[in-house]
Amino acid sequence: MIAALILGLITGSFTGVVCYRIPRNESIIFPGSKCDRCAAKIAFYRNIPVFSFLLQHGKCHSCGIKIKRSYFILEILTPVLFLILYFSHGFSIIFFYKAFVYSILLAASFIDIETHIIPDRFFIILLITGLLYSVLWNNPENWFLGAASYGLPVLLLYSASDFINKEIIGFGDVKLICAAGGFISYSGLKNLLWFYEILYISAGIFSFFLIFFRKRTLKCYVAFAPFICFSVFISEVYL
């Protein structure tokens with residue numbers, strides 16, 4: 001359990017780096033961590049997931065600029081998710097595969113929130129790893145059916161945008177749901193409908209509160225990837 005928690009903390013911290021650098025076309029490996037404003041290098045003892053943020057009161061030690069809370073949230077969400085996976089699967093191939101997939105989904109979610117874009121590389125990585133995993137477990141048919149059945153409804157919804165001259169859903173969301181469907185795998189129409197109910201109900205409730213508290217208007221963009229990630233988790237774990 002401790003190992004899963006530590007792995008989750010490290011992965012969450014690295015995912016924060018991915019979320020910052022990929023939209024800016026920077027390497028996720030080099031250079032080392034540094035402040036966004038003053039460019040001061042962050043020593044390893046000031047880069048401990050969760051604890052460094054709390055001890056430094058969410059600010060850069062050098063210049064005092066506030067560190068984005070999204071990094072802190074990622075560093076909490078990821079180990080919690082890893083612990084849930086550990087209690088379900090132990091340290092197994094399934095654990096590492098699902099941990100990898102959820103890390104990609106979290107990265108896509110936070111990037112979508114910040115930039116309103118879901119990088120294509122996430123879709124490609126999920127498709128390739130999903131297909132390889134399904135072949136390894138002699139179950140490529142379910143992977144293909146999952147990708148097709150979960151992706152088809154939103155593909156039709158995306159196509160309908162041309163007829164009403166208004167974007168209903170972004171193509172990045174379509175691709176992410178397609179890849180997520182391969183991960184979930186097709187297990188019946190009931191589970192497919194449950195996935196979409198969770199997806200649109202959660203997105204609808206969130207949007208309602210944003211509009212109610214005047215944080216957004218009906219014409220504002222709302223990142224859809226976080227709700228896809230949430231729906232995948234609920235569908236995969238509880239259904």
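Heavy atoms only: backbone and side chains are in, while hydrogens, waters and symmetry mates are out.
Among residues at least two apart or in separate chains, side-chain hydrogen bond (donor to acceptor under 3.5 Å, both in side chains) pairs with a member in residues 93-107 are His89-Lys98, Lys98-Glu236, Tyr102-Glu236.
Rounding to the nearest 0.5 angstrom, the gap separating the CD1 atom in Ile48 from the CD atom in Gln56 is 9.5 Å.
Taking the six-membered ring wherever Trp is involved, the centroid distance between the rings of Phe227 and Phe206 falls below 6.0 Å. Between Tyr200 and Phe224, the distance separating the two ring centers is shorter than 6.0 angstrom.
Heavy atoms from other residues, nucleotides or ligands lying under 6.0 Å from CZ of Phe91 number more than 12. Atom OH of Tyr196 is surrounded by more than 12 heavy atoms from other residues, nucleotides or ligands within 6.0 Å. Under a cut-off of 6.0 angstrom, the local environment of CZ in Phe230 is sparse, with at most 12 non-hydrogen atoms contributed by other residues, nucleotides or ligands. Taking a 6.0 Å sphere around CD1 of Ile93, one finds it holds 12 or fewer heavy atoms contributed by other residues, nucleotides or ligands.
Checking side-chain atoms of Tyr150 against main-chain N and O of Pro153 turns up no donor-acceptor pair under 3.5 Å.
Side chains of Leu126 and Phe183 form no contact here, defined as non-hydrogen atoms less than 4.5 Å apart. Residues Ile169 and Val174 meet the side-chain proximity criterion, which asks for heavy atoms closer than 4.5 Å.
Ring planes of Phe82 and Phe95: perpendicular class, angle over 60° (limits at 30 and 60°).
Arg24 forms a cation-pi arrangement with Tyr20, by the criterion of a distance under 6.0 Å to the ring centre and an angle within 45° of the ring axis.
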